[in-house]
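Treat the numbers as computed from the prediction; the structure is a model and nothing was measured. Residue numbers start at 1 and run along the sequence shown.
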Amino acid sequence: MFRAQQLYAQAARASAPLKIKDVKVIATSPARQRWVFIKVLTSEDGLYGLGSANCAYLCWAVKAALEKHMVPFWIGKEVDRIEDLWQANHVRSYWRNGPVTNVIQAALDSALWDIKGKRAGMPVYELLGGKARDAVPLYAHGSGNSAQACVESVQKHMAQGYRHVRIQMGGYGGGGFLPRGTGSRPENGYAGQAFDEELYVATISKLFLEIREKAGPEVKLLHDVHEHLTPTRALELAKRLEPANMFFVEDLLPPEQIDYFKQIRAQTTTPVAMGELFTHPHEWRPLISERLIDFIRCRVGMIGGITQAKKIAALCEQFGVRTAWQEGGENDPINQLIAYHVDLTIPSFGIQEDNRFPAIVHEMMPGAAQIRGGYLYGSEKPGLGIDLNEEIAARFPLIDDARVSDWTTVRGLDGSVVKP
Ligand code: MG
């Protein structure tokens, strides 16, 4: 075929009306994860798109909502009308902006961008405007149970090429716990490790001053408070961290207390990142438009996918805020890639969170992004650039959420919950 004919055939293919023929819901638990993916099949034989509806702690509800409510609504719709379908999905359940509805929207959105990229013969980032950077820099997750161990963790990641390292003292809330059974407790009350915010502020501020002194001025240091502080203690921590010259301090406050960022902003030069738990525009909009934060931390899959993330990034660009999408923890390779394709194209990009997957996940999902030297690289294949081996996924059926304890439940000495 002549080149001109090839180009015409490709252009005609990219503009032919295509419908959603069927949607497979693929729920799988490789490496004990709880992932729900969709495969959107089109009226063109062999052309499909992939999406992730990752909401690990409500995965069975997501699966049922897809199968019983949303997939029947999608069948027969035109795959090219991504924005229109996003808007229609948004009001389909009438009540909206919750985690379950948002991840389902993101899943369809991702699959439709994947299909559009495959039709065009281009990676999705090309359809979003092309590369504004060569690769996506990541921040690494470092930790240690002592200042020295934290310094060594920073140095280890720097040696691998990372310029940005998030440091936690141990796990979730680490640095703020009184050990199990210690301290003044109510009779017959809670005996587990207890969070104390004054202890946390003292430990973490001292820790970072030491890390900065020993690791040197070059590394960009991050820390996640996991929303455990009350407003004035949050401000105090931010102020005490000023000499450590942080890249950012994340989630100083729970989402219910975002109005306090006005006071925090006015009194400290420590850069602030916020928004990991956000699902609603009323949460991120004032923080961005009033320039109360430096980095927005939403998870792309939890706010409705590429379509919504591009809009938030554009808003950030107008107000001098940068992105730092939350893509770690129980997140999956498809969600990592939707963030990646957005990151490549936006001037308001700040940094992306690191996430690594075991070999079985890479085997199940060929084309999953690769991390080299502190940067994330996609496969450069058309669409999202990833596939899903359904036979491998079927070997790991979705597991029940059988946790008897929950890492998100942190308690104080009197046994009350410390809200994240
Ligand atoms: Mg966080």
Side-chain angles (χ1 to χ4, degrees), residues 13-26 36-55 61-129 279-281 298-315 332 334-335 337-342 345 382-386 388:
R13 179 175 180 246
S15 60
L18 262 191
K19 301 276 174 73
I20 296 175
K21 193 169 83 176
D22 198 5
V23 178
K24 287 187 184 177
V25 178
I26 301 159
V36 179
F37 299 119
I38 61 168
K39 185 172 186 177
V40 174
L41 309 176
T42 72
S43 48
E44 180 180 314
D45 263 359
L47 178 61
Y48 60 87
L50 293 171
S52 163
N54 188 323
C55 187
V62 168
K63 184 172 182 290
L66 277 163
E67 290 169 345
K68 301 293 185 186
H69 299 293
M70 298 312 292
V71 167
F73 176 64
W74 296 342
I75 304 294
K77 299 285 195 297
E78 285 186 38
V79 299
D80 276 331
R81 300 184 63 163
I82 298 177
E83 180 69 41
D84 182 66
L85 269 178
W86 198 97
Q87 300 297 339
N89 260 304
H90 197 55
V91 295
R92 172 64 174 77
S93 58
Y94 198 41
W95 284 275
R96 51 202 186 248
N97 296 308
V100 173
T101 53
N102 282 7
V103 298
I104 287 172
Q105 273 198 264
L108 181 64
D109 186 77
S110 310
L112 296 183
W113 280 108
D114 193 23
I115 291 166
K116 200 179 278 289
K118 286 174 177 171
R119 297 184 89 192
M122 294 178 184
V124 168
Y125 69 77
E126 293 289 6
L127 307 181
L128 301 178
T279 57
H280 197 294
C298 305
R299 175 181 287 195
V300 175
M302 194 49 88
I303 54 169
I306 290 171
T307 295
Q308 182 72 293
K310 280 287 281 185
K311 293 173 183 177
I312 293 177
L315 186 70
D332 62 85
I334 292 178
N335 273 352
L337 273 169
I338 62 174
Y340 163 85
H341 284 282
V342 172
T345 65
L384 295 175
I386 190 169
L388 175 60

Looking at every non-hydrogen atom in both residues, tell me the closest pair between [X] and [Y] and how far apart they are.
X: Thr42; Y: Leu47; answer: OG1-O, 2.8 Å
X: Ala120; Y: Leu127; answer: CB-CD2, 4.1 Å
X: Ala53; Y: Leu66; answer: CB-CD1, 4.1 Å
X: Cys55; Y: Val103; answer: CB-CG2, 3.9 Å

How far does [atom1] of [X] sit from [atom2] of [Y], to the nearest 0.5 angstrom?
X: Ile306; Y: Lys116; atom1: CD1; atom2: NZ; value: 12.0 Å
X: Arg92; Y: Leu85; atom1: CZ; atom2: CG; value: 12.5 Å
X: Leu384; Y: Asn335; atom1: CG; atom2: CG; value: 10.0 Å
X: Ile115; Y: Glu44; atom1: CD1; atom2: CD; value: 10.0 Å
X: Phe37; Y: Ile386; atom1: CZ; atom2: CD1; value: 7.5 Å
X: Ile303; Y: Ile312; atom1: CD1; atom2: CD1; value: 3.5 Å

Cation-aromatic face contact Lys21/Tyr48, 6.0 Å, 45 degrees: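 No, Lys21 and Tyr48 do not form such a contact.
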
Is the backbone N or O of [Y] less than 3.5 Å from a side-chain atom of [X], with the two atoms forming a donor-acceptor pair by type?
X: Asp109; Y: Thr307; answer: yes
X: Asn102; Y: Thr279; answer: yes
X: Asp114; Y: Ser110; answer: no
X: Ser43; Y: Lys19; answer: yes
X: Arg119; Y: Gly117; answer: no
X: Lys310; Y: Leu128; answer: yes

Any side-chain heavy-atom pair of Phe73 and Leu108 under 4.5 Å: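 The answer is no; the side chains never approach within 4.5 Å.
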
Distance-only polar pair, side chains of Thr101 and Trp95, donor-acceptor under 3.5 Å: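 No, no side-chain donor-acceptor contact under 3.5 Å.
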
Donor-acceptor side-chain pairing of Asp332 and Asn54 below 3.5 angstrom: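 Distance-only check passes for Asp332 and Asn54.
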
Residue list, ring pair (Phe, Tyr, Trp, His ring centres under 6.0 Å) with His90, at least two apart or on another chain: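 Scan of His90 (ring pair (Phe, Tyr, Trp, His ring centres under 6.0 Å), adjacent residues dropped) gives Trp86.
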
With Tyr125 via ring pair (Phe, Tyr, Trp, His ring centres under 6.0 Å) - residues at least two apart: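 So Tyr125 forms a ring pair (Phe, Tyr, Trp, His ring centres under 6.0 Å) with His341.
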
